[in-house]
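The first residue of the sequence shown is numbered 1, and numbering continues consecutively from there. Values below: every heavy atom of this structure, side chains too, minus hydrogens, waters and symmetry copies.
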Amino acid sequence: MTLAVDERFRKLGVGSSLLGHISTFVMDNRAESIYLHVKSDNTNAIKFYKNHGFATDKFLPNYYTINNERHDAYRLSKKTDWHAHDSHARPSFLGRVLRLCRGTDSDDDEEE
């Protein structure tokens, strides 16, 4: 999965909202950690993720190939607290999106 927000919509909470929905989906599915990769020179993205509780845990030399050039990356991770997460407290946005894509969601479901 790639998470990106167009420059025109940055600093409006869009990325934080997307990351929040992803975190909810991950906890609903009882994953213990979230891992992601960021180009090592993408300081804005690294700062964004660190502000959301992620920590750099691994340097990945030559991880990306972009336009035939190699780029280093960092792996960042965050432990989830899925044990304390109440998946029934609110509907899962990503869960509904996945059900819609599979054609298993109907108008009879609870409203979001």
Side-chain angles (χ1 to χ4, degrees):
M1 172 189 302
T2 298
L3 175 63
V5 176
D6 188 283
E7 288 183 36
R8 298 172 295 167
F9 301 102
R10 292 182 187 162
K11 304 290 185 188
L12 299 174
V14 174
S16 295
S17 180
L18 289 169
L19 189 58
H21 288 300
I22 291 167
S23 296
T24 298
F25 178 79
V26 166
M27 287 189 286
D28 286 351
N29 288 281
R30 300 181 177 204
E32 294 185 11
S33 298
I34 302 171
Y35 296 94
L36 55 92
H37 303 106
V38 177
K39 278 181 52 186
S40 62
D41 63 353
N42 191 344
T43 56
N44 288 336
I46 293 167
K47 182 179 176 183
F48 169 81
Y49 288 117
K50 286 187 174 187
N51 285 341
H52 286 82
F54 285 82
T56 304
D57 65 11
K58 191 171 186 178
F59 177 72
L60 304 165
N62 299 313
Y63 185 78
Y64 292 108
T65 302
I66 302 171
N67 297 325
N68 292 321
E69 292 183 22
R70 304 296 292 176
H71 299 271
D72 299 335
Y74 289 112
R75 183 179 76 180
L76 288 84
S77 63
K78 177 182 178 179
K79 296 278 185 196
T80 66
D81 192 13
W82 69 266
H83 296 286
H85 174 70
D86 182 4
S87 64
H88 300 291
R90 62 191 174 286
S92 168
F93 171 79
L94 286 177
R96 178 135 193 231
V97 170
L98 289 173
R99 288 191 307 273
L100 286 168
C101 290
R102 291 182 192 128
T104 58
D105 200 32
S106 71
D107 291 337
D108 298 331
D109 288 349
E110 291 182 29
E111 291 197 21
E112 301 290 308

Linking directly or through intermediates, with side-chain heavy atoms under 4.5 Å: list the remaining ILVMFWY members grouped with Tyr35, chain and number order. none
Sequence neighbours left out, what passes side-chain contact (heavy atoms from CB on, under 4.5 Å) with Arg70? Give chain and number order. Asn62, Thr65
For Tyr74, give me all partners under side-chain contact (heavy atoms from CB on, under 4.5 Å), at least two apart in sequence or on another chain. Ser40, Ile46, Thr56, Phe59, Leu76
Is it the case that one hydrophobic cluster holds both [X] and [Y], taking links as side-chain heavy atoms less than 4.5 Å apart, direct or via other members?
X     : Y     : value
Leu12 : Tyr49 : yes
Leu60 : Phe54 : no
Val38 : Val14 : yes

[atom1]-[atom2] distance between [X] and [Y], expressed to the nearest 0.5 angstrom:
X     : Y     : atom1 : atom2 : value
Ile22 : Leu36 : CD1   : CG    : 9.5 Å
Ile34 : Met27 : CD1   : CE    : 7.0 Å
Ile66 : Glu69 : CD1   : CD    : 8.5 Å

Taking the ring centre of each residue, are Phe48 and His52 less than 6.0 Å apart? yes
Contact list for residues 55-68, test salt bridge (Lys or Arg N to Asp or Glu O under 4.0 Å), sequence neighbours left out: Asp57-Arg75
Can you pull the salt bridge (Lys or Arg N to Asp or Glu O under 4.0 Å) pairs that have at least one residue in residues 35-48, sequence neighbours excluded? Lys39-Asp41
Specify the closest pair of heavy atoms between Val26 and Ser33, including all atoms of both residues, with the distance to one decimal. CG1-O, 4.5 Å
The criterion is salt bridge (charged side-chain N to carboxylate O under 4.0 Å, His left out); which residues satisfy it with Asp72, sequence neighbours excluded? none
With distance as the sole test, does Thr80 use its side chain to make a donor-acceptor pair with the main-chain N or O of Ala31 at under 3.5 Å? yes
